[in-house]
Amino acid sequence: MIWETLLEHAWAARENAYAPYSNFRVGAALLAADGSIFSGCNVENISYSLTQCAERVAIGSAVAAGKMEFLAIAVVADTQVPISPCGACRQVMAEFGVPVVMMANRAQRLEMSLEELLPRASAGILDAPP
């Protein structure tokens, strides 16, 4: 895994975050199956529910470029403990099969599978009878 490179891209993306309301800046970097990397940062809105998380910005950028298969994502922020993706981001990662998540702050890293972060993401939804 190329965690160092992904983390560098995520920290760089974090610098571009638009967070005038919370001042909570997050960066993400997504590794596509072909080796390309897509970065994202959080983009806030005064109507807070319209805020876009860094993870979903990175995934959206990759999809817009025609990429649909992913190997990993790194998510970074200046927090006391490594940042964890929100539930919506976890569900979007599940939709696109992002198997591994690296969560990091300036001092620590935590690697988890998406299954650990969001067990049974599609159970009952995709298995419903026609």
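This structure is a prediction, so every number in the text was calculated from the model and none was measured. Along the sequence shown, the residues carry numbers beginning at 1.
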Donor-acceptor pair, side chain of Glu44 and main chain of Ser22, under 3.5 angstrom: yes
Gap between atom CD of Glu116 and atom CD of Glu111 - 0.5 Å precision: 9.0 Å
Quick one: closest heavy-atom pair of Ile83 and Ala77, and the distance? CD1-CB, 3.7 Å
Do Leu114 and Phe96 come within less than 4.5 Å of each other through their side chains, counting heavy atoms only? no
Is the shortest heavy-atom distance from the side chain of Glu55 to the side chain of Ile73 under 4.5 Å? yes
Quick check on Glu69: does its CD atom have over 12 non-hydrogen neighbours (other residues, nucleotides or ligands) under 6.0 Å away? no
Apply side chain to side chain contact (heavy atoms under 4.5 Å, CB included) to the pair Leu30 and Ile59, showing each step before the final yes or no. CA-CA 7 Å; Leu30 177 68; Ile59 291 169; 3.8 Å; yes
Pair up each side-chain donor or acceptor in residues 97-107 with any protein partner under 3.5 Å, not counting sequence neighbours, and list the distances.
{"residue": "Asn105", "atom": "OD1", "partner": "Ala107", "partner atom": "N", "Å": "2.9"}
{"residue": "Asn105", "atom": "OD1", "partner": "Gln108", "partner atom": "N", "Å": "2.6"}
{"residue": "Asn105", "atom": "ND2", "partner": "Thr79", "partner atom": "O", "Å": "3.1"}
{"residue": "Asn105", "atom": "ND2", "partner": "Gln80", "partner atom": "O", "Å": "3.2"}
{"residue": "Asn105", "atom": "ND2", "partner": "Gln108", "partner atom": "OE1", "Å": "3.4"}
{"residue": "Arg106", "atom": "NE", "partner": "Asp78", "partner atom": "OD1", "Å": "2.7"}

Any chance you could measure Cys89, atom SG, to Leu117, atom CG, to the nearest 0.5 Å? 11.0 Å
CG/Leu50: more than 12 non-hydrogen atoms of other groups inside 6.0 Å: yes
Taking the side chain from Arg56 and the backbone from Val92, do they hold a donor-acceptor pair closer than 3.5 Å? no
Review item, side-chain donor-acceptor pairs of residues 31-41, under 3.5 Å, at least two apart:
{"residue": "Asp34", "atom": "OD1", "partner": "Ser36", "partner atom": "N", "Å": "2.9"}
{"residue": "Asp34", "atom": "OD1", "partner": "Ser36", "partner atom": "OG", "Å": "2.6"}
{"residue": "Asp34", "atom": "OD2", "partner": "Lys67", "partner atom": "NZ", "Å": "2.6"}

